[in-house]
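In what follows, a structure is listed as structure tokens, so that the remarks can point back to it.
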Amino acid sequence: MATAALARPGHRRSEVGPVELFFDLVYVFAIIQLSHVLIEHLSWEGAAQTVVVFAALWWGWNYTTWAMNWLDPGRTQVQLLCGVLMLTALGMSIAIPRAFEDAAWLFVGCYLLMGVIRPVFMMIAYRGHRLAANYRMLLLWTLLAGVFWVLGAALPAGSRLALWVVAVVVDYAAPLAQYRIPGLGSAPMEHWDTDADHLAERNRLVFIIALGESILLMGGSIVASGQLTGSLALSAVIGFASLFVLWWNYFALAGPETRGGDSSTAALRSAYAYAHALMVLGAILVAVSIEQRLSHDHLTPATVLVTSAGPLVYLVGNVLFLRSRFGRLTRSRFIAAAVLIVLTFVAMPLTRHLPVSAFSVAVLAVTATLAAHTAYTTRRQAQEDSPQQP
């Protein structure tokens, strides 16, 4: 089969182009917006709304990343596509604080515009190729989900959350259903020729962006306080340590590596489209928990829950990643998750008596122990797998 005109050159297939990095900048703003929404609405309803908005943001980023897996970032047409997608992502980001109020149409309109422009561009760029047929089926599923996105925006706010949850389910179910529509066809995962190295690098970068947002949020909270007291300095140190340990957990593991893992498209879709969504969401929750601990001098049930939820959501994604790429379930992750759940149940009735730093240090101890264990076992496994010198 002939190569499409805008396809990546074979020798640069895994390269991350400058325009891809530029596209990611809008997600720095998006993540900050999302964090502030959860901070201001730290309730079960606020959490549900935040997850739905995050799911749409992530899917827009994820599908763009997958499209760039095949497009040459050095071509002018591709750069213009990224510019348009970046503008629509910026529109979504601007609408985030009022997505469940008067900015619903801006949020949905930009999201669906991204969802239509991207596959149409791919269908034109790869016309006559299997990938064009794949994107035709993807577009149909996007339009199906779009019905629920539009209905949610049109109906009163009370009904919006339920309809948008359905829209998210349809969007996220599409790859699992092989984009199948009875009578029209399907796009099985084996028909998507993906590059594991490119996807791994793109997801590493967006995870670092999520951690960077935490630094911005933490620094902003400290500056806004007007005075660096001893307790605030202690909370800042614990918060920074939490971020460092989360970074350590991610990069100490073989997870971000692509060598030796399952590189089938189905495995990559699970590892990067789904598992990394949870890991990035976990990093956002960690950022919110740090801000709560910096801005409050006492524990609340909400603070306890978000402090433990960050590492727990990350661990769920991490387990899914390991299962997808390496076909294994790591016992240490389940042990750490169980300890975090126990700590949460113990702390909930004691919020009036526990210092803010006490629960934070307990959670940090669990995640730091896991990171150290992961680094040790990964290094030992690498030594065992390396060829012995004569």
Side-chain angles (χ1 to χ4, degrees), residues 30-59 92-93 95-104 107-108 111 148-149 151-153 155-173 210 213-214 217 221 242 274 277-317 320 337-352 354 356 359-360 362-363:
I31 291 175
I32 291 176
Q33 289 279 77
L34 200 63
S35 299
H36 281 294
V37 167
L38 184 55
I39 289 168
E40 294 170 8
H41 303 88
L42 200 54
S43 62
W44 290 114
E45 182 181 16
Q49 292 177 353
T50 300
V51 169
V52 168
V53 171
F54 169 79
L57 285 169
W58 175 261
W59 218 231
M92 287 180 66
S93 303
I96 286 174
R98 304 191 315 280
F100 283 86
E101 298 171 8
D102 58 349
F107 183 81
V108 167
Y111 177 66
F148 297 98
W149 284 111
L151 284 175
L155 292 177
S159 305
R160 188 167 300 158
L161 179 59
L163 284 165
W164 282 4
V165 167
V166 174
V168 167
V169 170
V170 173
D171 269 332
Y172 278 65
E213 179 270 339
S214 302
L217 200 60
S221 296
S242 301
Y274 299 122
L278 292 169
M279 288 193 277
V280 170
L281 179 59
I284 293 172
L285 292 175
V286 168
V288 171
S289 70
I290 292 173
E291 193 281 339
Q292 287 292 294
R293 299 195 300 269
L294 287 170
S295 59
H296 294 77
D297 56 3
H298 63 281
L299 277 179
T300 65
T303 303
V304 169
L305 287 174
V306 76
T307 299
S308 57
L312 281 171
V313 171
Y314 170 84
L315 287 174
V316 172
L320 177 59
V339 174
L340 288 172
I341 292 172
V342 170
L343 285 175
T344 302
F345 276 103
V346 171
M348 286 294 282
L350 301 175
T351 53
R352 293 179 178 273
L354 281 176
V356 173
F359 184 69
S360 305
V363 171

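Using a 30° and 60° split on the angle between ring planes, W59 and Y172 fall in the parallel class, below 30°.
No side-chain heavy atom of V37 sits less than 4.5 Å from a side-chain heavy atom of Q33. Inter-residue side-chain proximity for I290 and L217 is flagged as unmet; no heavy-atom pair is nearer than 4.5 Å. Counting heavy atoms from C-beta on, the side chains of R293 and T307 come closer than 4.5 Å. The shortest distance between side-chain heavy atoms of F107 and W149 falls below 4.5 Å. Annotation: side chain of L155 is not in contact with side chain of R160 (no heavy-atom distance under 4.5 Å). Side-chain contact check for T303 versus F359: every heavy-atom pair is 4.5 Å or farther apart.
In this structure, the separation between CG on L299 and CG on L354 is 6.0 Å, given to the nearest 0.5 Å. A distance of 3.5 Å separates CG of D171 from OH of Y111, quoted to the nearest 0.5 Å. A distance of 10.0 Å separates CG in L320 from OH in Y274, rounded to the nearest 0.5 Å. L343 CG to M348 CE: the interatomic distance, rounded to the nearest 0.5 Å, is 13.0 Å. Rounded to the nearest 0.5 angstrom, S43 OG and Q49 CD are separated by 7.5 Å.
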message = Walk me through whether W44 and L305 qualify under side-chain contact (heavy atoms from CB on, under 4.5 Å).
response = CA-CA 11 Å; W44 290 114; L305 287 174; 4.0 Å; yes
request  = Begin from the C-alpha positions of L278 and V313 and carry the test side-chain contact (heavy atoms from CB on, under 4.5 Å) through to its verdict.
outcome  = CA-CA 6 Å; L278 292 169; V313 171; 4.2 Å; yes
request  = List the steps and the verdict of side-chain contact (heavy atoms from CB on, under 4.5 Å) for L34 and V53.
outcome  = CA-CA 8 Å; L34 200 63; V53 171; 3.6 Å; yes
message = Applying side-chain contact (heavy atoms from CB on, under 4.5 Å) to L57 and I96, what does each step give before you reach the verdict?
response = CA-CA 10 Å; L57 285 169; I96 286 174; 3.4 Å; yes
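When all heavy atoms of A337 and L315 are compared, the pair lying nearest together is N-CD1, 3.9 Å. Closest of all the heavy-atom pairs between L163 and F148 is O-CB, 3.6 Å. In plain terms, the two heavy atoms of P311 and V363 that are nearest each other are CG-CG1, 3.9 Å. Taking both residues in full, the closest heavy atoms of A283 and S214 are given as O-OG, 3.7 Å, listed atom of the first, atom of the second, then distance. Of all non-hydrogen atoms in A210 and I31, the two that sit nearest each other are CA-CD1, 4.0 Å.
No donor-acceptor pair closer than 3.5 Å links the side chain of T351 to the backbone N or O of A347.
None of V280, L38, T50 except one satisfies the side-chain contact (heavy atoms from CB on, under 4.5 Å) rule with L285; the exception is L38.
Defined by atom type and a distance below 3.5 Å, a donor-acceptor pair is missing between the side-chain atoms of E291 and S35.
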